[in-house]
Every structure is written in C-alpha cells, then in structure tokens.
Amino acid sequence: MTRTMVASPEAARSASLFAEAQRLMPGGVSSPVRAFKSVGGTPRFIVRGEGSRIVDADDNRYVDLVLSWGPLILGHAHPGVVASVAAAAALGTTFGAPTELELRLAERVIDAFPSIEMLRFVSSGTEAVMSAVRLARAATGRRAVLKFDGCYHGHADALLAAAGSGIATLGLPDSPGVPSSTVADTLVAPYNDLSAVEALFAARQDGIAAVLVEPVAGNMGVVLPKPGFLEGLRAITTRTGAILIFDEVMTGWRVHRRGAQGLFGITPDLTCLGKVLGGGLPAAAYGGRRNLMEQIAPSGPVYQAGTLSGNPLAMAAGIATLDILSNHGLWERADHWASRAADAMARAAAAAGTPLTVQRAGTMLTPFFTDSPVHDYAAAKATDRSAFNRFFHSMLDAGVYLPPSAFEAAFTSAAHGDPEFAVLEEALSHAFK
Ligand SMILES: *Cc1c(COP(=O)(O)O)cnc(C)c1O
C-alpha cells in the first residue's frame with residue numbers, strides 16, 4: 001500500500017492541487033469516484049484531452065479508457081464537435097426559450113430509438129430517470145418501483161437503494177439523508193433474477209408502477225442480461241400494466257447504435273438517455289410512447305422543468321457527435337477496439353496465470369478479477385478488488401487511464417487505434433505480474 005499513500009514524483013502537481021481541492025470541496029472532487037478512494041493514490045488533475053488521450057497537470061499522457069464515464073465516443077475535442085459548440089456559443093449560450101437545435105437532436109434520437117415517439121430534454125441522467133419514474137407513477141396511479149441490485153440510476157433519493165454500493169437489503173437507503181420512507185416504495189431484486197421479480201410482483205398487492213433496469217448493467221461493472229431476462233421483464237410488465245423503463249443513459253449508442261433495445265430487440269415503454277447524447281456537454285433525455293409523454297407538462301399534468309434543459313451548446317454537441325458517429329462508420333471502430341482490448345486483457349492475464357473474466361458489450365468493458373462469469377452484483381462484489389487496485393495502478397503508471405474502481409465500465413472511442421493498442425499491450429505485459 002505504500003505506493004498508494006505517497007504521491008509518485010510524476011504526480012506532484014496533481015497531488016498539490018488535490019490537497020488544495022480537499023480544503024475547498026468535499027473529498028476534493030465534484031463527484032465521488034473521481035477521488036480514487038477505492039484504488040488509493042492521487043487523482044490526476046486533467047489539463048486537456050486530445051482524441052484518445054488525456055494530459056494531466058504533471059504533463060503525463062494517458063490512453064483514456066474512461067472518456068468522461070462514457071460520453072466521448074468520438075474521443076476528446078473532436079474538431080467537428082468543437083466547431084459546432086463554438087458556433088452555437090457565438091450565437092448565445094442559453095435562452096430559456098425553444099431553439100431549432102432541440103428538434104434536430106430529438107429527430108436523431110427518435111431515428112435511433114424507434115420506441116421513442118416523443119421525448120423531453122433534461123441536463124443529467126439523474127434528472128431523466130427521476131422524471132421517468134414520476135411519469136410512470138402518475139400514468140399507473142401506483143407507487144412502487146422495482147429496480148435491481150447494483151444498478152445505478154442517478155442520485156435521486158428514491159433510487160438510492162442498492163445502487164451499486166454495499167447495501168443489498170430490500171428498501172434500505174444507501175445514503176444518510178435518504179429517509180427510509182422515501183425508499184419504502186423501492187423494491188430491489190438481484191440482476192438477472194426473474195423469479196425474484198415475479199415474487200415481488202406477487203407480494204405487492206397495490207401493484208408496481210415501473211420496472212427500472214439498466215438493460216446491460218454498467219454500474220457494477222459490465223454485466224450482461226442473461227438470455228430471456230429482458231424478454232421476461234417485458235412480459236411481466238405487459239401482463240401487470242407496469243411501465244418498463246430502460247435506463248440507457250450509459251448503454252445508449254454504447255452497446256449498439258440503437259442501444260440495448262436495438263441490440264436485443266426489446267421495446268421498453270420509456271427510455272432514459274444521457275452521456276453520449278450530449279457529446280460531452282450536459283444533456284440527457286427521457287422519452288417513449290406518445291400517450292405517456294403527453295402526460296408531461298405543459299401538455300399534461302406531470303410537472304418537470306429545467307432552466308438549462310435543451311441547452312443549445314449541449315444540443316449542438318449531441319447533434320455533431322451523432323452525425324459524425326453515423327456518417328463515417330466510426331462506431332464499428334470503437335467497438336472493434338473494445339473487442340481487441342478485451343482479448344488483450346484476457347490473454348495477458350492468462351499468460352500470468354491470473355484469474356480474469358473480461359465482460360464486454362459493444363464499446364463498454366470490465367475486467368473482473370475472477371475466473372467465473374459475473375451475472376449479478378453479489379458476484380461482482382466477490383471479485384478480487386485488491387488485485388484490481390494493483391492492476392489499476394500498474395496500468396496508470398504505464399500510461400493507461402482506467403476507471404478508478406473495480407465496479408465500473410471502461411469505454412473506448414473512435415479515436416482509439418493501433419498506437420493506443422500498442423500502449424495498452426505494453427502496459428498489460430507488466431500489469432499482472
Ligand atoms: C451515469 C448514469 C446515470 C446518471 O447520469 P448523470 O448524468 O450522472 O446524472 C443514470 N443511469 C445510468 C445507467 C448511468 O450510467
């Protein structure tokens with residue numbers, strides 16, 4: 001552990017900024033996992049990004065496999081995205097009034113996600129999911145929401161139960177400040193466990209408003225739905241009149257161009273999007289069938305609003321990102337790189353005799369330190385986290401920036417190519433020793 005307690009000389013400037021940051025902001029960060037708490041060591045302060053790379057305050061360059069936790073599917077500072085954002089900014093950064101850019105992004109979303117007939121833009125995935133749940137409760141007149149252990153849906157109070165941390169007990173809040181009354185109507189089932197879902201439906205006499213799921217889980221590391229799991233959720237919700245909400249904030253444009261619903265051919269009632277949607281600026285959305293979405297104010301009674309919702313810079317970044325991604329066959333590039341990276345990790349681990357199971361869906365992947373497949377959060381938590389932490393630091397020292405947690409997805413971009421792969425392979429050749 002000594003290495004993780006003492007800043008390496010190459011991180012001196014990051015260490016001094018981090019010390020200052022810890023006086024100014026809780027944990028020195030604007031979002032918890034950035035603080036490197038679970039892996040230890042000094043979080044790198046980032047100065048700039050260039051395509052596949054980031055450069056930190058000590059002038060270290062890294063092949064970036066975090067990509068701002070998913071949004072940057074074209075890599076950093078893509079010239080087309082930067083030009084669109086700059087052009088939009090020159091015309092004014094926000095109006096609090098409708099702009100045509102919202103229509104143009106909405107039409108691209110609807111084109112990619114046929115289950116979405118109408119949508120509402122918001123600024124974060126948290127807001128999107130919170131609002132979709134409100135709509136589902138309003139539309140069904142029921143209170144309960146069923147989610148899955150280890151799935152994260154943003155930090156709204158009602159969804160902070162079993163949200164990818166240690167508390168798996170039914171209906172217990174994950175955070176102080178979340179009253180147990182707030183999560184009393186939040187039911188939690190293990191991921192990939194349809195019989196638990198059936199049992200919760202049977203037990204809840206007043207019905208369940210919505211089943212909320214990451215259709216490929218990314219927030220306990222990448223965990224794929226077993227064959228029949230999503231189909232089963234669709235069948236149960238259809239039978240009971242519950243709303244099926246796919247939280248595709250992470251998976252949208254990541255596991256497939258059309259998200260997990262395109263990959264598996266399942267039509268949810270409501271879909272939440274974010275991350276790639278905003279192309280690196282704050283944009284998210286929820287949408288679905290017209291008869292549901294028309295219940296949102298002002299066309300219906302379900303209130304939801306936002307000062308910066310549909311922000312023109314975010315809309316411009318989203319439009320540019322989706323256009324560039326579709327016009328140049330770049331998605332396949334990011335997908336192919338992820339597949340090569342997963343193979344390379346598995347090969348290097350096997351050569352070193354280290355148990356490793358790399359789980360991947362499209363451009364998202366997680367190396368789990370275990371020799372058996374991970375189908376739920378209990379299995380994810382049973383993996384060897386200290387082995388992950390050693391791996392993380394070895395890769396970081398060798399210039400590969402992975403998510404600083406054993407329970408996160410790594411991401412690839414269309415800017416990742418052969419030079420980045422060479423850095424990865426070199427780093428992997430020492431990482432399991
Ligand atoms: C990131 C994420 C969210 C939350 O989005 P924010 O923009 O961070 O609020 C919600 N759901 C899923 C599946 C996510 O991956």
Side-chain angles (χ1 to χ4, degrees), residues 29-35 66-73 113 119-134 136 145-165 174-175 186 188 191 210-225 230 233 244-256 259-261 263 268 270-287 304 306 308-311 314 317-318 321 359 361-366 377 380 403-405 407-411:
V29 290
S30 299
S31 194
V33 75
R34 298 178 194 175
V66 176
L67 297 166
S68 192
W69 302 92
L72 302 176
I73 197 159
F113 291 83
L119 60 84
R120 165 63 57 85
F121 286 114
V122 291
S123 298
S124 69
T126 295
E127 273 182 276
V129 184
M130 184 183 80
S131 309
V133 167
R134 182 182 303 150
V145 172
L146 195 161
K147 74 176 287 289
F148 295 91
D149 190 14
C151 285
Y152 177 68
H153 300 290
H155 64 88
D157 280 359
L159 303 175
L160 275 187
S165 92
D174 269 359
S175 168
T186 306
V188 183
Y191 199 75
V211 170
L212 172 62
V213 66
E214 289 183 73
V216 171
N219 287 288
M220 52 179 141
V222 174
V223 175
L224 283 129
L230 298 175
L233 296 182
L244 179 61
I245 306 174
F246 272 12
D247 180 353
E248 298 227 42
V249 169
M250 186 186 289
T251 54
W253 294 279
R254 277 272 166 207
V255 299
H256 182 275
Q261 54 197 272
L263 181 60
L270 292 174
T271 299
C272 302
L273 296 167
K275 298 196 169 110
V276 170
L277 175 69
L281 272 81
Y286 61 104
Q304 186 274 307
L308 293 177
S309 294
N311 175 265
T321 297
Q359 300 195 173
T363 64
M364 296 163 41
L365 66 150
T366 297
Y377 192 40
S405 158
F407 304 132
E408 298 284 356
F411 299 95

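Just follow the structure's listing: the first ligand is 1, and inside any ligand the first atom is 1. Computed from a predicted model, the values in this text were never measured in an experiment.
- Looking at Thr366, its side chain does come within 3.5 Å of a backbone N or O of Glu408 through a donor-acceptor pair.
- Judged as a ring-ring contact (aromatic ring centres under 6.0 Å, His included), and not counting sequence neighbours, the contacts of Phe113 are Trp253.
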For ligand 1, list every N/O pair with the protein closer than 3.5 Å, one pair per line with the distance.
| residue | atom | partner | partner atom | Å |
| --- | --- | --- | --- | --- |
| ligand 1 | 5 (O) | Gly125 | N | 3.4 |
| ligand 1 | 7 (O) | Gly125 | N | 2.8 |
| ligand 1 | 9 (O) | Gly125 | N | 3.3 |
| ligand 1 | 9 (O) | Thr126 | N | 2.8 |
| ligand 1 | 9 (O) | Thr126 | OG1 | 2.7 |
| ligand 1 | 11 (N) | Tyr152 | O | 3.3 |
| ligand 1 | 11 (N) | Asp247 | OD1 | 3.3 |
| ligand 1 | 11 (N) | Asp247 | OD2 | 2.6 |
| ligand 1 | 15 (O) | Asn219 | ND2 | 3.1 |
| ligand 1 | 15 (O) | Lys275 | NZ | 2.6 |

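- Proximity of a side-chain donor or acceptor of Tyr191 to a complementary backbone N or O of Glu214 within less than 3.5 Å is detected.
- Judged by distance alone, with hydrogens and angles left aside, the side-chain atoms of Glu248 form no donor-acceptor pair with the main-chain N or O of Pro215 at under 3.5 Å.
- Side chain of Arg254 to backbone of Lys275: no donor-acceptor contact under 3.5 angstrom is found.
- Between the side chain of Thr126 and the main chain of Gly154, no donor-acceptor pair closer than 3.5 Å is present.
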